[in-house]
Amino acid sequence: MEIMSILLCLMFLFFTVVTDAMHLPQGSYHPLSLRQNKRASKTKPELPFHFRTRYFPQNLDHFSFQPESYRIFHQKYLISSHFWRKGGPIFVYTGNEADIEWFASNTGFMLDIAPKFQALVVFIEHRFYGESKPQMLAKTMGYLNSQQALADYAILIRSLKQNLSSEASPVVVFGGSYGGMLAAWFRLKYPHIAIGALASSAPILQFDKMAPSSSFYDTVSQDFKDVSVNCFEVIKRSWGELEAFLTIKDGKQKLSKKFRTCKDLQSLASASLWLESAFVDTAMVNYPTAANFMAPLPAYPVEQMCKIIDGFPLGASSNLERAFAAASLYYNYSGSEICFDMENQTDPHGLAFWGWQACTEMVMPMSSSNQSMFPPFENDDEGEQELCMLAYGVKSRPHWITTEFGGQRIEMVLKRFGSNIIFSNGMQDPWSRGGVLKNISNSIIALVTKKGAHHTDLRAATKYDPEWLKEQRRQEVAIIEKWINEYYSDLRQEEQD
Ligand SMILES: *[C@@H]1O[C@H](CO)[C@@H](O)[C@H](O)[C@H]1NC(C)=O
Ligand SMILES: *[C@@H]1O[C@H](CO)[C@@H](O)[C@H](O)[C@H]1NC(C)=O
Ligand SMILES: *[C@@H]1O[C@H](CO)[C@@H](O)[C@H](O)[C@H]1NC(C)=O
Ligand SMILES: *[C@@H]1O[C@H](CO)[C@@H](O)[C@H](O)[C@H]1NC(C)=O
Ligand SMILES: *[C@@H]1O[C@H](CO)[C@@H](O)[C@H](O)[C@H]1NC(C)=O
């Protein structure tokens, strides 16, 4: 626990140092976002009754043979055999950077399709997150990386199949965001364990400048601009008005009052971060139906935010006031917030260790261009390296992910090497530009929707789902069905030979 709070302090330091000069938190962005709405934390994830929780003893280290490699931690997984026919497929979610219940309760798609396939459904928690934490965290952090996580999944799946006496069952892996990257990489690294992968909103090309570093903030900005140019302009102009509070007497107190903060702001940077997060996170979860992933929000929340901004009478309020009112939709949609706790954000799903991953292997360069509605900034590799050294005492390896998993000239490479991966993306999602957006071969398929957001397709179906979303899921099901049929047909063939 103490280690946790030290880490949280370091993360805070990380943000504070970066944002001190009233700039955006450069490069601190992360597939989900550390900044969670308090309301979301209060709502307990709803998992169907037929899920069981299990813990699997896992070695701390899979790649060397030191005494400490054999240290055990207990890896949590959730399992439902409710729809399973013995010998039938196994659907595995390769967990990402938070507690596994959170992902399980936002990945209803797997359960929706399980009856059709009579599939076993398993959600595995990623090491170092949720309850799957080794002891002596400070000394074992070096074992937190994506390769160890993939090996965990491989070992757990093999053990599970053995225990179920169902070794011939085909395994399909699923994941969204970082979990989607893991699903895709798992298929490439462990083709003998998974027959295919659905990688939703997986920005595997966000590394090593394969995608433009400004694409993330540019996409958020475009989402708002597509709804209303005025909305985009108001937000763009609000940052200067916010910065002006730096120069006026008692600026922090005045802004605290305006922004209804619970306590007087220590720095204007936290107000800036608060505003920015509201727009970024809302773009990520710009779902076509009401949802509660990062926060409870209505359908198409970007539109709703712009309605608020555009709804102000002309000239009656500052741009900053309008931007603040729009951001309040994200933090106070339920209407139950008495004040905003901008400098004490909660981390209900335990995302903090992502800071370590972002400082070691998950190095995704970020910048903000002049196309963006956010203040422009350049990508600053050196500055970030210094911060990582300060926060964790580690040196980043910005080229490691592309060395280990590839990415450069991916179309050419995977055309002749890989198979059975679906890369699904929604173009509203700021991470989509780092995803695979083109078909690579007839079994490495890109399913792209214009109106989709961050792994929209993995959410449970609702009766309000638009036709494009139903169609995307129909295609996914048809492709997965094809993989499974081919697998069983190959298996029969093998048995006959
Ligand atoms: C399989 O069974 C063994 C022996 O009971 C157990 O230790 C292990 O945790 C089980 N594997 C999984 C994935 O639950
Ligand atoms: C949250 O919304 C409610 C209902 O609209 C409002 O009364 C309250 O002042 C809002 N809270 C903040 C901090 O703005
Ligand atoms: C932050 O919030 C938590 C609970 O919401 C509270 O216990 C803690 O005292 C707060 N810390 C500060 C510095 O305000
Ligand atoms: C925006 O940035 C581009 C590329 O850096 C540059 O060519 C262009 O002149 C800039 N436009 C403005 C209005 O600053
Ligand atoms: C990839 O191919 C599928 C058909 O197999 C098609 O539906 C889809 O639109 C293609 N994706 C792209 C990005 O062109």
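Order of appearance sets the numbers: ligands from 1, and atoms from 1 within every ligand.
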Tell me if the aromatic rings of F293 and H455 count as close, with their centers under 6.0 Å from one another.
yes

Between N442 and ligand 5, which part of the residue brings a heavy atom under 4.0 Å of the ligand: side chain, backbone, both or neither?
neither

Identify which one of K451, R473, K470 satisfies the salt bridge (charged side-chain N to carboxylate O under 4.0 Å, His left out) criterion when paired with D465.
R473

Students should be able to answer this: which protein heavy-atom is nearest to atom 12 (C) of ligand 1, and at what distance?
Y77 OH, 3.3 Å

Which residue from N439, L447, I444 reaches closest to atom 14 (O) of ligand 5 through any of its heavy atoms?
N439

for atom 13 (C) of ligand 5, nearest protein heavy atom and its distance come out as L437 O, 3.3 Å

State whether E486 and K482 are salt-bridged, where the test is any N-O pair (Lys NZ or Arg NE/NH1/NH2 against Asp/Glu carboxylate O) under 4.0 Å.
yes

Ionic contact status for K236 with E233, cut-off 4.0 Å
no

Of the protein's non-hydrogen atoms, which lies at the shortest distance from atom 11 (N) of ligand 5, and what is that distance?
A446 O, 2.8 Å

For ligand 4, which atoms have a heavy atom of N370 less than 4.0 angstrom away?
1 (C), 2 (O), 3 (C), 8 (C), 10 (C), 11 (N), 12 (C), 14 (O)

Polar-atom distance check: Y55 versus ligand 1, any N or O pair below 3.5 Å?
no

Quick one: does atom 5 (O) of ligand 1 have a protein heavy atom under 4.0 Å from it?
no

Salt-bridge test for K139 and E68: reply yes if a basic N is under 4.0 Å from a carboxylate O, no otherwise.
no

Ring center gap for F224 and F279 short of 6.0 angstrom:
yes

Is it the case that the ring center of F174 lies less than 6.0 angstrom away from the ring center of F91?
yes

Which atoms of ligand 1 are found less than 4.0 Å from any heavy atom of P57?
9 (O)

Kindly state whether the ring of Y178 and the ring of H126 have centres lying under 6.0 angstrom apart.
yes

Might you check, step by step, whether the distance between atom 9 (O) of ligand 4 and some protein heavy atom is under 4.0 Å?
no

Evaluating non-hydrogen atoms only, which member of N163, L164, L160, I124 is closest to atom 1 (C) of ligand 1?
N163

What's the shortest distance from atom 7 (O) of ligand 5 to any protein heavy atom, and which residue and atom give it?
Q475 NE2, 2.7 Å

Can you check whether V448 has an N/O within less than 3.5 Å of an N/O in ligand 5?
no

Could you tell me if the ring centre of Y143 sits under 6.0 Å from that of H62?
no

